Amino acid sequence: MNDVNFEAWSNAELLAVEQALEAWVPADTPAALGVAMRYAVLDGGKRLRPLLVLAAAKAVEGQREAAMRAAVAVELIHAYSLVHDDMPCMDDDALRRGKPTVHVEFGEARAMLAGDAMQALAFEVLTPDDGVEPALQARLVSLLARAAGHQGMAGGQAIDLASVGRMLDEASLRDMHRRKTGALLQASVLMGAACGPVDAQTWDALAQYGAALGLAFQVVDDILDVTQPSDMLGKTAGKDADNNKPTYVSVLGLEAAQRYALALRDEAHAALARCHLSSTDHLACLADKVVDRQS
């Protein structure tokens, strides 16, 4: 697939996701909580996770409404995690997506509650009264809950906080990031795949694709943290080094980390080649974009 076709597809899907978020994230809440929620999730971010959901759903010819709900739900989980990550008790950052973080803008208490509310809203979006079969609702909820909880993102964040000032070997670092970052990216792929008919071999191949892409994203994130300025990243550059956190750059070195990112991209492409699907072009392009990105 050429870049023009991919960009046309991704631009259309990004608009659709933004419209769905606009419609489903409320403004009329008690004590203006919805204002903080909307500040956290609207008009910003790469939307990689929703695009992975929608690309996988397209590849398996999945149900559109279920896929869009899954795309919005996974973005809500991602956005809530960023709100909590940025708070003083966690990573203590003042900049996210090129603007003040939610706790800077609205105070710590409202930021915490906005994150809590977005987490709950994600599962509300996945369980409509009609339009998505109950069995599919349950599968999507299970995939997202496991990726976001103690086995996945939250567990990885706990390891990250416990690792400040400690040296980790590459295997331990990989385990942390497969949980903290990779689990939700892999779940995005699998939630999209769950929206259509998929055989066991294709499911396994897509899971391997998601795992490789998820780890590649974090490796590139660590590289960009030391090679790009804050205005390019939309968040504070050099934060991991300042906080004495282990990263792929600190453990492997910059050049080895760059080689590892390319190897993971190749691993993702190889997994797609094992899928029993007529077209995985959008997923292949997303793997390339993850590794080639500059912010």
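All residue numbers in this chain count up from 1 along the given sequence. The structure presented is a predicted model; accordingly, all values stated were derived computationally and were not measured.
Every residue two or more places apart in sequence or in another chain that forms a side-chain hydrogen bond (donor to acceptor under 3.5 Å, both in side chains) with H269 is listed here: D288.
Among residues at least two apart or in separate chains, there is no side-chain hydrogen bond (donor to acceptor under 3.5 Å, both in side chains) pair with a member in residues 110-139. The side-chain hydrogen bond (donor to acceptor under 3.5 Å, both in side chains) pairs that include a residue from residues 193-216 are D199-T202, D199-H276, Q201-H276, Q208-R274, where partners are two or more places apart or lie in different chains.
Remark: the backbone N or O of D221 is not paired with any side-chain donor or acceptor of D225 at under 3.5 angstrom. Side-chain atoms of D91 never come within 3.5 Å of backbone atoms of D86 as a donor-acceptor pair (strictly under, hydrogens ignored). Remark: the backbone N or O of P246 is not paired with any side-chain donor or acceptor of S250 at under 3.5 angstrom.
Using the six-membered ring where Trp is involved, W9 and F6 have ring planes that are tilted, between 30° and 60° apart.
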Kindly determine whether L95 and V104 satisfy side-chain contact (heavy atoms from CB on, under 4.5 Å), including the steps that lead there. CA-CA 9 Å; L95 186 67; V104 170; over 6 Å; no
side-chain contact (heavy atoms from CB on, under 4.5 Å) between L14 and L51, intermediate numbers included: CA-CA 7 Å; L14 288 169; L51 287 177; 4.0 Å; yes
Applying side-chain contact (heavy atoms from CB on, under 4.5 Å) to D92 and M87, what does each step give before you reach the verdict? CA-CA 5 Å; D92 192 13; M87 292 180 67; over 6 Å; no
Checking side-chain hydrogen bond (donor to acceptor under 3.5 Å, both in side chains) for the pair D169/S172: CA distance, chi angles, key distance, verdict? CA-CA 5 Å; D169 60 25; S172 299; 2.8 Å; yes
What's the verdict on salt bridge (charged side-chain N to carboxylate O under 4.0 Å, His left out) for D43 and K99, showing C-alpha distance, side-chain angles and the deciding distance? CA-CA 11 Å; D43 302 322; K99 61 185 183 182; over 6 Å; no
Go through the steps for R179 and Q157 under the test side-chain contact (heavy atoms from CB on, under 4.5 Å), then give the verdict. CA-CA 8 Å; R179 297 170 187 270; Q157 182 65 49; over 6 Å; no
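Remark: L144 CG to M191 CE distance equals 4.5 Å, nearest 0.5 Å. Remark: L168 CG to D175 CG distance equals 10.0 Å, nearest 0.5 Å. With values rounded to the nearest 0.5 angstrom, D85 atom CG is found 10.0 Å from D93 atom CG. With values rounded to the nearest 0.5 angstrom, T101 atom OG1 is found 9.5 Å from E108 atom CD. Taking NZ of K46 as the reference point, atom CG of L286 lies at 13.0 Å (rounded to 0.5 Å).
Clustering ILVMFWY residues whenever any of their side-chain heavy atoms sit less than 4.5 angstrom apart, transitively, puts V83 in a cluster other than the one holding M112. Using a 4.5 Å cut-off between side-chain heavy atoms of Ile, Leu, Val, Met, Phe, Trp and Tyr, with links allowed through other members, V17 and F123 fall into the same hydrophobic cluster.
Chaining together hydrophobic side chains whose heavy atoms lie under 4.5 Å apart leaves L15 on its own.
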Distance-only criterion, 3.5 Å: show the donor-acceptor pairs between side-chain atoms of residues 32-40 and protein atoms not counting sequence neighbours.
unit_1: R38; atom_1: NH1; unit_2: E22; atom_2: O; d: 3.1
unit_1: R38; atom_1: NH1; unit_2: V25; atom_2: O; d: 2.5
unit_1: R38; atom_1: NH2; unit_2: E22; atom_2: OE1; d: 3.3
unit_1: R38; atom_1: NH2; unit_2: E22; atom_2: OE2; d: 2.2
unit_1: Y39; atom_1: OH; unit_2: P100; atom_2: O; d: 2.7

Report all side-chain donor-acceptor pairs from residues 62-72 shorter than 3.5 Å, counting only partners two or more places apart or in another chain.
unit_1: R64; atom_1: NH1; unit_2: E13; atom_2: OE1; d: 3.4
unit_1: R64; atom_1: NH1; unit_2: E13; atom_2: OE2; d: 2.8
unit_1: R64; atom_1: NH2; unit_2: E13; atom_2: OE1; d: 2.7
unit_1: E65; atom_1: OE2; unit_2: R69; atom_2: NE; d: 3.2
unit_1: R69; atom_1: NH1; unit_2: V125; atom_2: O; d: 2.8

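Contact check for R178 versus L215: side-chain heavy atoms found under the 4.5 Å cut-off. Taking the side chain as every heavy atom from C-beta outward, R49 and I77 never approach each other to under 4.5 Å.
The number of heavy atoms from other shown groups lying within 6.0 Å of CD (E170) is above 12. Annotation for R146: atom CZ does not count as buried by contact number, only 12 or fewer foreign heavy atoms lying within 6.0 Å.
Tested against R265, the residues V220, D292, V219, V290 include a single side chain to side chain contact (heavy atoms under 4.5 Å, CB included) partner, D292. Screening H78, Q186, Q218 for a side-chain hydrogen bond (donor to acceptor under 3.5 Å, both in side chains) involving T181 leaves a single residue, Q218.
For the pair R174 and Y260, the cation-pi test (distance below 6.0 Å, angle within 45°) is failed.
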